[in-house]
Amino acid sequence: VLLQASGGGLVQAGGSLRLSCAASGLTFKNYAIGWFRQAPGKQREFAAAISWGGSSTYYADNVKGRFTISRDNAKNTVYLQMNSLRPEDTAVYYCAADKDLSPVAATYHYWGQGTLVTVSS
């Protein structure tokens, strides 16, 4: 199983980025996908998740209203649209896959390598 996160970069506060998570080696449509992030010196935290069919989504309170998660099962890809970015959103963003939709990192079986998002003030 391979999950490849991409789309990170440097953006000014208030700007936008779209992250992608491309999956292979699994029946993608059967898996929920979560996005987690880890800022320097901090623990990994949940950002957003989407159910296998895309009908259910779940957001952390600190990204709700600014981030939107979506998926295209035909392309085996999940997206995280991030708007109104803040310096505190700076982190390495990871995507993860599991059968169940959950905000808990420990429940996810497969993980990608991460993509760095840096938001300057």
Side-chain angles (χ1 to χ4, degrees):
V1 175
L2 182 62
L3 298 175
Q4 290 189 299
S6 61
L10 174 64
V11 63
Q12 288 189 329
S16 298
L17 281 175
R18 189 177 80 157
L19 306 184
S20 298
C21 175
S24 60
L26 76 172
T27 306
F28 184 72
K29 64 180 182 179
N30 291 345
Y31 283 81
I33 302 294
W35 283 99
F36 294 80
R37 63 187 187 181
Q38 188 166 17
K42 295 188 176 181
Q43 289 190 329
R44 191 170 298 189
E45 66 172 9
F46 170 74
I50 189 166
S51 61
W52 58 269
S55 60
S56 296
T57 56
Y58 190 6
Y59 296 94
D61 287 343
N62 56 1
V63 307
K64 198 173 296 182
R66 300 187 298 122
F67 291 11
T68 302
I69 190 169
S70 61
R71 67 190 295 157
D72 184 341
N73 284 348
K75 296 182 178 179
N76 284 9
T77 302
V78 167
Y79 305 98
L80 186 66
Q81 178 67 44
M82 306 186 297
N83 299 328
S84 302
L85 283 163
R86 305 167 180 168
E88 54 264 38
D89 294 317
T90 295
V92 177
Y93 284 70
Y94 300 88
C95 58
D98 201 74
K99 291 296 185 70
D100 296 321
L101 181 66
S102 169
V104 180
T107 65
Y108 285 82
H109 196 69
Y110 302 110
W111 287 84
Q113 85 289 359
T115 185
L116 177 62
V117 172
T118 304
V119 184
S120 62
S121 57

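Throughout, residue positions are numbered sequentially from 1 according to the sequence presented.
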Handout entry: 4.5 Å side-chain heavy-atom contact, Tyr94 and Arg37
Key = no
Problem - pair Arg66-Met82: side-chain heavy atoms closer than 4.5 Å - result: no
Exercise for the section: Please confirm whether the backbone N or O of Ala91 pairs with a side-chain atom of Gln38, one donor and one acceptor, at under 3.5 Å? Expected result: no
Problem - hydrophobic_cluster_shared for Leu19 and Phe46, side chain cutoff 4.5 Å - result: no
Problem - Rounded distance [0.5 Å steps], OG in Ser20 versus CG in Leu80 - result: 9.5 Å
Problem - Tyr108 (side chain) donor-acceptor with Ala32 (main chain) under 3.5 angstrom - result: no
Handout entry: Those residues that, when tested against Ala105, pass side-chain contact (heavy atoms from CB on, under 4.5 Å) (two or more places apart)
Key = Phe36, Trp111
Exercise for the section: Taking Arg71 for its side chain and Gly54 for its backbone only, find out whether a donor-acceptor pair lies under 3.5 Å. Expected result: no
Problem - Single-linkage hydrophobic cluster Phe67~Val11, side-chain heavy atoms < 4.5 angstrom - result: yes
Practice task
Look only at the side chain of Asp72 and the backbone of Tyr79, and say whether a donor-acceptor pair between them is shorter than 3.5 Å.
Solution key: no
Handout entry: Side chains of Asp100 and Thr107 in contact at under 4.5 Å (non-hydrogen atoms)
Key = no
Practice task
State plainly whether one hydrophobic cluster holds both Tyr93 and Val119, where clusters connect Ile, Leu, Val, Met, Phe, Trp and Tyr through side-chain heavy atoms under 4.5 angstrom apart.
Solution key: yes
Practice task
Drop me the distance from Leu3's CG to Thr77's OG1, to the nearest 0.5 angstrom.
Solution key: 10.5 Å
Problem - Heavy-atom donor-acceptor pair, Asn76 side chain to Ala22 backbone, under 3.5 Å - result: no
Practice task
Measure across Ser84 and Ser16 and return the closest heavy-atom pair with its distance rounded to 0.1 Å.
Solution key: N-OG, 4.4 Å
Completion exercise
Minimal heavy-atom distance between Val1 and Gly25, with the atoms involved, is CG2-O, 3.4 Å
Handout entry: With Ser120 via side-chain contact (heavy atoms from CB on, under 4.5 Å) - residues at least two apart
Key = Leu10, Gln12
Exercise for the section: Could you tell me whether Asp89 and Arg86 have a side-chain N and a carboxylate O separated by less than 4.0 Å? Expected result: no
Practice task
Scan Val63, Ile50, Val78 and name whichever one has a side-chain contact (heavy atoms from CB on, under 4.5 Å) with Trp35.
Solution key: Val78
